[in-house]
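Note that ligands are numbered from 1 as they come in the structure, with each ligand's atoms numbered from 1 the same way.
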Amino acid sequence: MSDSTKTLCPYCGVGCGLEVSPPAGLGKQTNRDAEGTPIWKVRGDREHPSSQGLVCVKGATIAEAIDKSRLLYPMMRNSLDEEFRRVSWDEALNAIVNRIQTVRLTSGPDALCMYGSGQFQTEDYYIAQKLMKGCLGTNNFDANSRLCMSSAVAGYIQSFGSDGPPCCYDDLELTDCAFLIGTNTAECHPIIYNRLRKYHKKNKHVKMIVVDPRRTTTAEDADLHLAIRPGTDIDLLNGMANLLMRWGYLDTAFIEECTANFPDYAEVIRSYPPELVARKCGIRLDELETAARYWGESKRVLSLWSMGVNQSSEGTAKVRTIINLHLMTGQIGKPGAGPFSLTGQPNAMGGREAGGLANLLPGYRFVKNPQHRAEVEQFWGLKPGQISPEVGRTAWEMIAGLETGEVGFLWVAATNPVVSMPDLERTKAALRKSPFTVYQDAYYPTETAAYAHVLLPAAQWGEKTGVMTNSERRVTLCEAFRSPKGIARPDWEIFAEVGRRLGFADKFAFQNSAEVYAEFVRLTRGRPCDVTGLSHERLKQQGPTQWPCPDSGAKRDSSRLYTDLRFHTPDGRARFGAYHSKGLAEPPDINYPFVLTTGRLYGHWHTLSRTGRIDKIRQMHPNPFIEIHPRDAEKLEIAEGDWVEVLSRRGKARFPAKVTKAISPGAVFVPMHWGALWAEDSEANALTHPECCPDSKQPELKACAVQLVRVGVGGGVGVSEPEVLSAGVPV
Ligand code: SF4
């Protein structure tokens, strides 16, 4: 019998299947880390349909991080100036319960906030919703997914009447034209990109268009790379639509029978003549025409996007403008076609199903919908009206609430906002004002731990059994393969214990996560994300499964949504969204003449809590850096490796220069991974601003205006080793 456990990679939204086995014996052959700790063996799960046995460097090395720098015990302190002291679970949980009760009584439930994570399993998300939105009566639960893909959620909802990516990974090998916009898929979603790249190479008729101001690894493989000016995505998309309409590529039968609002949209795109659009986007007219021709001539068009589209002050409009192209040409509901948003985090999708954003309730329901609130209240056994009709505070609104004193209690779990939020100086100042912050994480130290009053050790991936959903709606059971480190506990158990101590014992009487999941799935009955046909046991037997998966027993193909061309709107028609381009919230000007764009590198994950502790990955990407076009570098007398100070209206940072034609003139690129623990003055988000999309409330982390000053000559890139300030855990 195999001693391996099947699970899912806990990094990105591709959701690759893994098989993990214990370190073999303790002999010489045992794989060990630099400190001599035996390392668990990880390999790709060949039976997982999403990844077919493949993993990237992150998935392959994950086991090296699981024992390093772990938070082992609850710790507390009265103020941020004090040292933490080790406390019992009892003492920590009592302090939290007392604080929740006091704040609720004195300031009301809306002074309570929880900020969670796409690293949660669905069970963690679900219990957090039940606690905050159900029992405590505030919708102030938001997740770091707000910073990642909430524009995709809002776009799908507004265009189709419901969230839910309609495509599947098989579409990557069935399309005639892959249109990649705002996604460096090769580095950020490498395993699905491998599939697309191989298929594209083998099939000469298949076109690949990449829209990105950077010549990324992804763009290198494209038939057509459109290096548009940052903030001109809607111009480009409307310009392509203008040409598709002029050239007669419209699917008029589909438009008439399956959509609404086309006349308004047609009116808008008429004012995007190709010559003007090409000029505004900074590309040639023939490039724009080629893009429109590739799209129009292809039988099946698949668009892919991620944060380059979503992280924008007009993110929802961008998403809807991509969807418009599919609607006008009938490119949806069939193999190889459709608008496919790639999620960043491993279970951001599960979070959407469980209602894990401030505007959502479990089962793809909406806080603003009275019937949805009533359904959830009844299911949870609450009084009518107990769920607040107000949308809760989103990620940035929690920071704003700390600034004004309206937030009296903040609980952060499995995320590191002191690196990932925009405008970090403001974020840090707000967190310093927080009267009471609980930080629950598997790792210590992290940058956010420095702002907490209570630290709670969370069991991480591999130490708890639960469910995650990947970008193609595929649900995988992730079984525990080892015990939690120290006295860490699964996130859902911690939330449930607090719920019981607050007096809601009957609402949180779960013995294990299978029971939690069993309750959650019942709440999805009849909803677009119906998973009533799933349970831990069934997932174990039948393996990873795509939703919708109702328990009706009828066999169905859930690979794609909308194959019947009926959408979740009241009249069953998809909606065109008519948007003019507004451009960047902070365009460059004479004082801040460059556009800074931020992004991710192949090996690293988010804020380095794990990958910063893996030797191989640190060697792969040892330093932060700034990419500058040679023309700009020459003007500023910056040479390769020179230290460059980058200033925005909010803060500054320093990076060694990488002079490269990969970035367009007028733009610069900085990776977002490095926080204060890992490198000095290298926080990309010290520079970014919190202006959000009005619909999705997703901040524009991808673009802000900056000034560059050379501050040191040479010695930058690849020279200094990253300093890991591993303070260790007091035990
Ligand atoms: Fe993990 Fe994503 Fe890499 Fe797959 S592609 S192994 S899910 S990081």
Could you give the side-chain donor-acceptor pairs of residues 53-62 under 3.5 Å, partners two or more places apart or in another chain?
| from | atom 1 | to | atom 2 | distance (Å) |
| --- | --- | --- | --- | --- |
| Lys58 | NZ | Tyr602 | O | 2.6 |
| Thr61 | OG1 | Val57 | O | 2.7 |
| Thr61 | OG1 | Lys58 | O | 3.4 |

Residue list, salt bridge (charged side-chain N to carboxylate O under 4.0 Å, His left out) with Arg197, at least two apart or on another chain:
none

Sequence neighbours excluded, the answer for salt bridge (charged side-chain N to carboxylate O under 4.0 Å, His left out) partners of Glu627 is Arg214

Do we get Arg610 above Trp605's six-membered ring, with its NZ or CZ under 6.0 Å from the centre and within 45° of the axis?
no

Under 2.8 Å from atom 4 (Fe) of ligand 1, the protein N, O or S atoms, given as residue and atom
Cys16 SG

List the steps, then state whether salt bridge (charged side-chain N to carboxylate O under 4.0 Å, His left out) holds for Arg215 with Glu220.
CA-CA 7 Å; Arg215 190 164 181 86; Glu220 296 282 343; 3.8 Å; yes

Please state whether the rings of Trp461 and Phe481 are parallel, tilted or perpendicular, taking 30° and 60° as the class boundaries.
perpendicular

